[in-house]
Amino acid sequence: MDRYNPEEIEPKWEAIWEKEGLFRAVEEDDGRPRFYKLHMFPYPSGDLHMGHAEAFAISDIIARYRWMQGMNVLHPIGWDAFGLPAENAAIKRGLHPRPWTDRNIAEQERTFRRYGMAFDWSRKLSTADPDYYRWTQWLFLQLHANGLAYRKLAPANWCPKDQTVLANEQVVQGRCERCGTPVVRRDLTQWFFKITDYADRLLDDMAQLDWSDRVLTQQRNWIGRSYGAEVTFEIEETGDRIPVFTTRPDTLWGVTFFVFAPEHPLLASLAEAGGTSAAVRDIQDRLQRTHVSEREETLSREGVPLGVHAVNPVSGERVPCFVAPYVLMEYGTGAVMGVPAHDQRDFEFAREHGLEVRVVIQPQGVQVDPDDMSEAFAHEGVMVNSGPFDGTPSPASIQAVTEWLEREGIGRAATSYRLRDWLVSRQRAWGPPIPIIYCPTCGEVPVPEADLPVVLPDDVDFSPQGESPLARNEAFVNVTCPSCGGPAKRETDTLDTFVDSSWYFLRYTSAQDDEEPWSPEAVRRWLPVDMYSGGIEHAILHLLYARFIVKVLFDLGHLEFIEPFHKLLNQGMVIYRGAALSKSKGNVVEPLPLIETWGADTIRLTMMFAAPVEDDVDWATVSVAGMHKWLGRVWRAVHTAAKGANADGSATERLGRAAHRATKAVTSDYERFGFNVAISKMMVLTNELQRAIEGGAAADVVRDAAERLVVLLAPIAPHITEELWRETLGHAESVLHAGWPSWDEALTREDEVTLIVQVDGRVRDRITVRASAGEEECRTVALASERARAAVGDRVVAETIVRPPKLVNLVTRSA
RNA sequence: GCCGGGAUGGCGGAAUCGGCAGACGCACCGGACUCAAAAUCCGGCGCCCGCAAGGGCAUGGGGGUUCGACUCCCCCUCCCGGCACCA
């Protein structure tokens with residue numbers, strides 16, 4: 001027997017697998033059920049790290065397990081190759097992003113291959129490839145043609161360092177997600193996708209997703225649907241009718257003031273009517289110069305009176321109007337009614353500005369008095385001082401009040417969302433150019449589909465200067481109008497990378513197709529994805545956008561399903577002593593050197609055994625050597641078993657049972673992704689196998705157990721099992737085609753079990769009985785137990801609980 | 001503040017249905033082999049009392065349901081993640 005030498009066998013089998021085309025998905029119907037296993041494609045911004053090693057091991061194990069169960073598996077790979085990091089790296093190194101990106105892709109591909117990844121390489125794609133982004137542009141045109149892509153002047157989140165606009169999702173705590181620079185507001189004409197039209201469907205269709213609560217909650221929070229009412233107030237001095245959104249129409253009688261957001265479009269004319277123009281302009285100017293971050297961080301209750309009054313439609317009462325930065329233009333209608341008694345922000349504002357606090361919801365029992373309130377009262381109570389609704393319990397009354405508002409013609413039921421439209425333009429050069437042409441005569445003209453792709457020029461000055469670098473490339477910018485033939489200019493912004501990744505899973509089904517973005521038949525065959533895995537960091541952005549795009553494509557008749565990923569698995573991160581692995585901390589662990597030292601199988605095994613897949617793996621606590629040692633034991637045991645020179649012996653039956661029990665348990669562990677537990681059960685089987693070999697067991701049973709072990713382990717450790725399967729055990733075909741083993745249910749059950757004898761719920765004795773022992777037999781055996789009798793002492797057995805054949809509980813009472 | 005998820009030996013973790021808590025591994029301790037070491041193999045290993053037999057305690061804390069609770073219910077503490085001036 002040779003020593004277990006992964007360095008030799010691993011590259012050998014990787015080359016053979018490639019030659020045999022083992023991992024190609026089959027398009028033709030060959031009778032096997034199809035399984036689409038997708039993992040989030042990587043960003044080629046450097047080498048693969050341990051996070052990839054864990055995540056892709058999971059994906060590979062699931063794919064191989066399905067293959068071995070006889071399925072036709074699609075397990076593709078590609079690269080999310082556009083985006084800021086490539087461009088930033090290119091600027092820093094003075095290189096064009098493309099060669100830099102290509103080099104990283106090549107390096108990552110090499111690592112994936114050396115890691116034993118079972119990918120269908122023939123479907124490899126890169127979003128930065130014109131053959132791909134041509135169809136990203138086609139997707140944009142689809143949305144554009146159907147009114148779902150539009151341009152508007154909007155206050156954008158502008159990062160002064162990256163010199164670009166950011167999506168709301170890329171602003172974290174008022175700072176740029178990538179570089180941490182405080183984001184400022186800037187008015188720019190931007191392209192948007194109308195995702196808000198889909199808010200309800202994005203929420204409601206979540207019911208059919210088998211995703212973790214964590215992700216579903218994040219999406220729900222992000223969309224932020226709240227039900228309430230829209231009520232219109234009239235400005236006494238000007239007659240303007242201003243709608244407000246409220247979730248608490250039951251507090252309408254408690255309105256004592258009215259507030260506008262500083263960006264509200266009617267502010268200037270209202271201030272003029274109230275004679276407060278100077279003060280209002282002052283506060284607007286100040287806010288314009290303030291960083292978004294500072295504005296969000298100061299929970300100030302500042303504000304200035306507008307000098308005009310709003311008329312409360314439910315009571316006819318006039319209340320003073322203010323402008324205050326705590327009211328946001330982006331949410332609701334940009335104006336709110338002030339109910340200080342029952343809203344904490346309004347309460348603080350009223351105290352600051354000496355406004356009346358009027359209680360209109362009284363709790364049962366206690367008397368809430370405005371004079372000694374220290375905070376707003378936001379709990380259940382009964383409506384008071386509320387005209388026709390006095391005495392009605394709140395918040396149950398919301399529905400009734402809303403209906404009343406509708407009858408009176410003052411308001412209506414309304415729903416408000418936190419979600420805003422998706423800003424997709426980027427003032428950057430490393431992305432798909434937006435396929436629009438601006439013609440002085442015809443206006444905004446979409447590039448005809450036949451002219452796609454709008455190719456990204458190779459000679460671009462990448463230094464960011466506040467507009468897209470493409471704008472400085474005259475050959476790119478100047479075109480003839482496709483409509484009238486006159487001189488025109490191209491749009492120079494590019495699309496957000498999340499547009500690229502919102503449809504890549506469709507492209508994999510027909511990655512080489514140059515006639516259409518995907519073949520409808522192929523998509524019908526493979527989609528929706530059966531199993532999607534990836535990092536939790538994409539819980540909101542990528543997953544929400546992909547769901548949105550799929551719904552749009554469904555509506556346009558391009559797809560026949562409404563959710564792309566029914567089952568989602570989010571693996572944990574790899575950390576070190578509780579902290580993230582990062583270059584700045586100098587604790588980066590790279591997979592390739594580890595693979596070269598220990599072998600890919602050992603590393604895959606290590607990552608899977610360290611923790612449940614959803615949990616973080618702390619690299620400081622793993623034992624690579626321990627896993628390697630176990631593979632060595634497997635190697636030796638299988639070699640010995642294959643020699644088959646054992647005589648029959650007492651260990652035969654025990655081993656047979658262990659093998660069948662392990663088969664059943666490991667199968668169920670694979671089904672629920674409990675790979676750490678599956679491995680522990682395979683370790684037990686290895687120990688049993690070794691013990692049986694030493695104790696003397698029938699050769700055929702030993703060999704069967706060894707084969708089962710090899711097959712069960714194959715998804716996790718593909719190289720060593722392939723070597724053992726084909727070379728040591730002498731099979732002609734790959735272990736991938738070995739078929740998943742079945743088990744004899746009778747053998748998984750022991751014929752003798754340990755009967756637990758409890759007295760008053762405490763274990764007092766353990767007695768071996770036949771598994772078929774019935775209730776009477778168990779009771780008799782338990783009552784005969786010396787130890788149980790001792791524990792009963794001079795009390796008497798009042799009741800016996802019998803759960804044959806596992807447990808008897810003797811319940812006693814004093815004699 | 002709101003929403004979601006957690007808490008089990010020195011460590012990672014197991015316990016699929018309410019029925020032997022701590023599988024499996026790491027670390028540690030002891031032993032075999034060896035001139036020695038490495039490798040390998042064998043044994044021990046929740047805490048406390050006890051020479052032992054044995055007993056007690058124990059799944060973040062408190063209460064409840066049950067013959068029986070890591071598991072179900074209520075309350076609390078702490079930790080992780082998300083959202084957060086969202087009207």
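All values below were derived from every heavy atom in this structure, side-chain atoms included, with hydrogens, water molecules and symmetry-related copies excluded. So that the names make sense, note that chain A is the first sequence line, chain B the second, and so on, each numbered from 1.
Each of B:rA87, B:rC24, B:rC20 was ranked by its minimum atom distance to the side chain of A:S680; first place goes to B:rC24. Of all nucleotides listed (B:rC24, B:rC83, B:rG81), B:rC24 comes nearest to the side chain of A:F609. Of all nucleotides listed (B:rG12, B:rG13, B:rA87), B:rG13 comes nearest to the side chain of A:P612. Closest to the A:V327 side chain, of the nucleotides B:rC24, B:rU40, B:rA87, is B:rA87. In this structure, the nucleotide among B:rC20, B:rG13, B:rA15 sitting nearest to the side chain of A:N676 is B:rG13.
A:V336 comes within 4.0 angstrom of a nucleotide base, judged by non-hydrogen atoms across all strands. Residue contacts shown for A:D618 are absent, as no nucleic acid heavy atom lies under 4.0 Å away. Within 4.0 Å of A:Q344, counting heavy atoms only, lies no atom of the nucleic acid at all. Using a 4.0 Å heavy-atom distance criterion, A:R762 is classed as a sugar-phosphate-only contact. Residue-level contact check: A:D213 touches the backbone only, with heavy atoms under 4.0 Å from sugar-phosphate atoms and none from bases. Backbone-only engagement by A:R633 is indicated by non-hydrogen atom pairs under 4.0 Å involving sugar-phosphate atoms exclusively. A:M337 comes within 4.0 angstrom of no nucleic acid atom, judged by non-hydrogen atoms across all strands.
The pairing partner recorded for B:rG46 is B:rC57, the criterion being a Watson-Crick or G-U wobble arrangement whose two distances lie under 3.5 angstrom. In this entry B:rC26 has B:rG10 as its Watson-Crick or G-U wobble partner, both defining distances falling under 3.5 Å. Look at B:rG18: it lacks any Watson-Crick or wobble partner with both distances under 3.5 angstrom. Nucleotide B:rC51 is matched to nothing when pairs are restricted to Watson-Crick or G-U wobble geometry with both distances under 3.5 angstrom. With a cut-off of 3.5 Å on both Watson-Crick or G-U wobble distances, the partner of B:rA69 is given as none. Pairing partner, B:rG4: B:rC80, with both Watson-Crick or wobble hydrogen-bond distances short of 3.5 Å.
Rounded to whole angstrom, the span from the CG atom of A:L807 across to the C1' atom of B:rA21 amounts to 14 Å. Atom C1' of nucleotide B:rA87 and atom CD1 of A:I242 are separated by 16 Å, given to the nearest angstrom. One can place CZ of A:R225 at 19 Å from P of B:rC86, the figure rounded to the nearest angstrom. Straight-line distance from the CZ atom of A:R418 to the P atom of B:rG82: 13 Å, rounded to whole Å. If you take CZ of A:R787 and P of B:rG54, they are 5 Å apart, rounded to a whole angstrom. Here the P atom of nucleotide B:rG81 and the CZ atom of A:R214 are 8 Å apart, to the nearest Å. A:I801 has its CD1 atom 14 Å from the P atom of B:rG19, to the nearest Å. What separates CD of A:E614 from C1' of B:rG81 is a distance of 14 Å, to the nearest Å.
Rounded to a whole angstrom, the distance from the P atom of B:rC24 to that of B:rC78 is 37 Å. On the P atoms, B:rA39 is 11 Å away from B:rC28, given to the nearest whole Å. Rounded to whole Å, the separation between the C1' atoms of B:rC83 and B:rA15 comes to 35 Å. Comparing B:rG13 with B:rU59, their C1' atoms are spaced 13 Å from each other, to the whole Å. The same atom, C1', is picked in B:rA58 and in B:rC49; the two are 15 Å apart, to the nearest Å. With both ends at atom C1', the span from B:rC80 to B:rG63 equals 27 Å, rounded to whole Å. Between B:rU65 and B:rA7, the distance separating the two C1' atoms is 23 Å to the nearest Å. Remark: the separation of the C1' atoms in B:rG22 and B:rC45 is 12 Å, to the nearest Å.
Taking the nucleotide of RNA chain B with the nearest heavy atom to each of A:A610 and A:T217, the more 5' of the two is matched to A:T217. In terms of position along RNA chain B, the nucleotide closest to A:T754 lies nearer the 5' end than the nucleotide closest to the other residue of the pair A:T754 and A:A335.
Between B:rG25 and A:N687, a contact under 4.0 Å exists linking OP1 or OP2 to a side-chain N or O. Remark: A:S226 is in phosphate contact with B:rA87, judged by side-chain N or O atoms under 4.0 Å from OP1 or OP2. Note on A:K664: every side-chain N or O is 4.0 Å or more away from OP1 and OP2 of B:rU16. Contact annotation: A:R803 does not reach the phosphate of B:rC67 (side-chain N/O to OP1 or OP2, under 4.0 Å).
With its glycosidic angle within 90° of 0, B:rG9 is assigned syn. Shown here, B:rC17 is classed syn by the O4'-C1'-N9-C4 or O4'-C1'-N1-C2 angle, which is within 90° of 0.
By the 30° and 60° cut-offs, the orientation of the rings of A:W635 relative to A:H639 is tilted. Aromatic ring pairs are classed by plane angle as parallel below 30°, tilted from 30° to 60° and perpendicular above 60°; the pair A:F257 and A:F322 is perpendicular.
Judged by distance alone with a 3.5 Å cut-off, a donor-acceptor contact links the side chain of A:N809 to the base of B:rC67.
Side-chain atoms of A:D250 never come within 3.5 Å of backbone atoms of A:I398 as a donor-acceptor pair (strictly under, hydrogens ignored). Checked by atom type and distance alone, the side chain of A:D616 pairs as donor or acceptor with a backbone atom of A:M573 at under 3.5 Å.
A:W222 carries A:R418 over the face of its six-membered ring, with the cationic atom under 6.0 Å from the centre and within 45° of the normal.
We find that A:E348 and A:R351 are not joined by a salt bridge, their nearest charged nitrogen and carboxylate oxygen being 4.0 Å or further apart. By the 4.0 Å N-to-carboxylate-O rule, A:E776 lies close enough to A:R779 to be salt-bridged with it.
Donor-acceptor pairing under 3.5 Å is recorded for the side chains of A:Y331 and A:S226.
Under the 4.5 Å side-chain criterion, counting only non-hydrogen atoms from C-beta, A:R248 is in contact with A:S394.
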